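Along the sequence shown, residues are numbered consecutively beginning with 1. Note that the structure is a prediction, hence the values are computed from the model and not measured.
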Amino acid sequence: MKVPDFGVVKVRNQKYLNAFGKNLKEILKDRGKTAEDVAAIGHLETKQVYRVINGEHSTTLSVLIAIAKGLEIHPKKLLDFDFEFEE
């Protein structure tokens, strides 16, 4: 059975991913943690954390929560940064 195409478009906003990664990098520094620390505590692969930091990966909610757990912060703090939305 063929699945119908409803015209769903994947949106990848590289500027937002880069801004999120920059914010994550700053939080890591402020908390005195490394990507390795966060990965170990959050039960993630280290390369997955680096991909998020470098804007190479659009993270899922589950990964966001695991990163927050690794940083010992509330997940909403990861999303608390300035960013200009494009219309």
Using 30° and 60° as the class boundaries, would you call the ring planes of F81 and Y16 parallel, tilted or perpendicular? tilted
Taking C-beta and beyond as the side chain, do K33 and I41 meet within less than 4.5 Å on heavy atoms? yes
Can you name the nearest heavy-atom pair linking H57 to L17, along with the distance? O-CD2, 4.1 Å
On a heavy-atom basis, the closest approach of A35 and V49 is CB-CG1, 3.8 Å
Working to the nearest 0.5 Å, report the span between NZ of K29 and OG1 of T34. 15.0 Å
Quick one about Y50 and E36 (side-chain donor to acceptor, distance below 3.5 Å, no hydrogens or angles considered), yes or no? yes
Roughly how far apart are L71 CG and L78 CG, rounded to 0.5 Å? 6.0 Å
Using 0.5 Å steps for rounding, measure from the CG atom of D80 to the CD1 atom of I27. 8.0 Å
Are F20 and N13 close enough that some pair of their side-chain heavy atoms sits under 4.5 Å apart? no
Can you tell me if NZ on K69 sees more than 12 non-hydrogen neighbours from other groups inside 6.0 Å? no
Report yes or no: do L61 and I53 belong to one cluster of Ile/Leu/Val/Met/Phe/Trp/Tyr joined by side chain heavy-atom distances under 4.5 Å? yes
Nearest-0.5 Å distance that lies between atom CD1 in I65 and atom CG in L44: 11.5 Å
Can you tell me how far the CG atom of L24 sits from the NZ atom of K77, to the nearest 0.5 Å? 14.5 Å
What's the shortest heavy-atom distance between E72 and R31, and which atoms? O-NH2, 3.1 Å
Strictly distance-based, threshold 3.5 Å: is any side-chain N or O of Q14 a donor or acceptor partner for the main-chain N or O of G55? yes
S62 OG to I67 CD1 distance, which is reported to the nearest 0.5 Å: 11.0 Å
